[in-house]
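Step one of this worksheet: look at the structure below.
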Amino acid sequence: MKYAFPDNFWWGSASSALQTEGAREGETTWDYWFAREPNRFHNGVGPQQTSTFYQHWKTDIQLLKQLNHNSFRTSISWARLIPDGIGEVNPEAVDFYHQVIDELNEQGITPFITLFHFDMPMAMQAIGGWENREVVDAYARYAQICFELFGDRVLHWFTFNEPIVPVEGGYLYDFHYPNVVDFRRAATVAYHTVLAHAKAVQAYRAGHYAGEIGIVLNLTPSYPRSQNPADVKAAHIADLMFNRSFLDPVLRGEYPADLVALLKAYDQLPACKPEDSALIAEGKIDLLGVNYYQPRRVKCRDSAVNPQAPFMPEWFFDNYDMPGRKMNPYRGWEIYAPGIYDILVNLRDNYGNPRCFISENGMGVENEQRFIENGQINDKYRIEFISEHLTWLHKGISEGCNCLGYHMWTFIDNWSWCNAYKNRYGFIQLDVETQQRTIKKSGEWFAATALNNRFEQE
Ligand code: BG6
């Protein structure tokens with residue numbers, strides 16, 4: 001079978017500032033947390049040990065070219081650009097991002113730029129992070145500065161990458177700083193993130209910049225164990241909490257009424273101001289980035305909730321370990337390629353078929369050195385993973401879904417938050433000690449696919 005993609009399809013990959021650039025003047029929550037609790041990070045490796053993009057950006061962009069990328073997403077570090085989050089702009093950071101953006105454009109690689117990829121300046125966290133509306137305003141100022149500085153040469157902006165993740169990690173499940181477990185505070189963080197997003201969109205519209213603005217969401221389709229109404233309801237609530245809490249505001253300009261009613265019933269709603277709804281309505285986007293790694297399988301709870309326990313999303317469902325599901329054992333995530341198709345069909349049928357693209361998809365694998373053949377990692381499993389997902393993506397496009405591209409996570413193996421370098425995701429192998437870069441087999445396969453705008457599979 002041959003799978004051809006539409007003209008001008010975006011082929012590329014994604015990365016983020018904190019995970020690749022290396023040390024900077026402005027402290028982030030990650031630097032602060034790592035300095036205090038290095039044991040929380042795999043092998044005690046922190047955010048200083050990156051793939052040194054700050055030094056090697058020029059040669060790395062050559063490698064992107066070698067992989068036949070026509071587009072590439074990375075983020076601007078708020079803390080590098082404005083070390084205390086709200087004050088002076090650092091001219092060295094401005095030069096750095098100018099150079100990177102110019103070089104990408106010169107090499108024919110369209111820059112896609114994210115404004116916030118989990119890396120809160122510590123000075124902003126110190127005043128409450130996303131719980132504080134002053135931080136929302138500081139973010140809006142930062143976004144506007146970025147548009148003014150780079151808006152003539154960056155035509156695809158993303159306000160946030162996976163905004164639900166800092167909510168889950170920082171305020172529910174204890175895998176990001178500030179390690180709080182408190183649903184109402186989590187809901188406040190999520191709500192203020194939506195306000196921050198909307199303020200950035202508002203500023204972008206007001207500036208009449210040449211490009212488009214969107215957001216990147218990690219969408220996890222929720223599949224019920226069975227069609228029993230209790231299982232279906234459990235899946236619906238998981239969908240409301242983890243997907244629609246961001247998807248609806250950014251595409252429809254409002255929250256789902258049943259999500260609001262549910263949180264109200266449990267007294268978990270954040271404090272809202274009368275002017276917020278008009279602002280949220282202004283946050284509708286031009287382009288949606290979809291990160292897809294895994295589905296969410298759920299069933300109704302078998303046991304009663306402990307009324308003393310903290311209120312959690314899991315009050316309404318249990319995770320369902322479907323027998324025989326295909327797993328990526330290194331990350332503990334299910335591999336389910338049809339999920340990508342289901343997401344696109346949902347967007348087509350229920351959200352007016354927005355302009356979208358797959359902004360991340362990928363597979364982190366441990367100890368890839370064992371697959372080295374003639375000096376190169378032969379990551380067949382990754383090629384299989386990508387082609388399977390592309391097959392389903394192709395089906396979605398052929399049925400009218402408005403999907404404009406496919407970006408992989410990631411370009412060069414990079415530092416993965418608490419997992420540090422445990423699992424490798426890159427098209428290019430990184431030797432962390434020597435910083436040597438070596439293209440994996442999947443990199444070659446992707447380069448050929450991008451060049452031909454098609455691939456073949458039996
Ligand atoms: C996405 C993020 O959640 O998945 C990336 O946008 C992240 O920043 C990637 O690195 C892979 O997840 P992890 O947790 O294995 O690094």
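In listed order, ligands and their atoms are each counted from 1. In what follows, every heavy atom counts, from backbone to side chain, and hydrogens, waters and symmetry copies are set aside. Just so you know, residue 1 is the first one in the sequence shown, and it goes up from there.
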Checklist entry - Of the protein's non-hydrogen atoms, which lies at the shortest distance from atom 3 (O) of ligand 1, and what is that distance? => result Glu162 OE1, 2.6 Å
Item to check | Side chains of Asn402 and Asn353, donor plus acceptor under 3.5 Å | outcome: no
Checklist entry - Ile213 versus Ile285: any side-chain heavy-atom pair under 4.5 Å? => result no
Checklist entry - For ligand 1, is there an N or O atom under 3.5 Å from any N or O atom of Asn423? => result no
Checklist entry - For ligand 1, which atoms have a heavy atom of Arg331 less than 4.0 angstrom away? => result 13 (P), 14 (O), 15 (O)
Checklist entry - For atom CG of Asn39, is the number of surrounding heavy atoms from other residues, nucleotides or ligands below 6.0 Å larger than 12? => result yes
Checklist outcome for this item: Here the atoms of ligand 1 under 4.0 Å from any heavy atom belonging to Ser416 are 10 (O), 13 (P), 16 (O)
Checklist entry - With a 4.0 Å heavy-atom cut-off (strictly under), which part of Trp333 contacts ligand 1: side chain, backbone, both or neither? => result side chain
Checklist entry - Does some side-chain heavy atom of Arg331 sit less than 4.5 Å from a side-chain heavy atom of Lys422? => result no
Item to check | Contact check: Asn414 vs ligand 1, nitrogen or oxygen atoms, below 3.5 angstrom | outcome: no
Item to check | Nearest non-hydrogen protein atom, atom 7 (C) of ligand 1 | outcome: Trp417 NE1, 3.7 Å
Item to check | Asn419-ligand 1 polar pair, N/O distance under 3.5 Å | outcome: no
Item to check | N or O pair under 3.5 Å between Asn161 and ligand 1 | outcome: yes
Checklist entry - Looking only at protein heavy atoms, which one is nearest to atom 5 (C) of ligand 1, and how far off is it? => result Trp409 CZ2, 3.6 Å
Item to check | Ring centroid separation Trp30 to Tyr32 under 6.0 Å | outcome: no
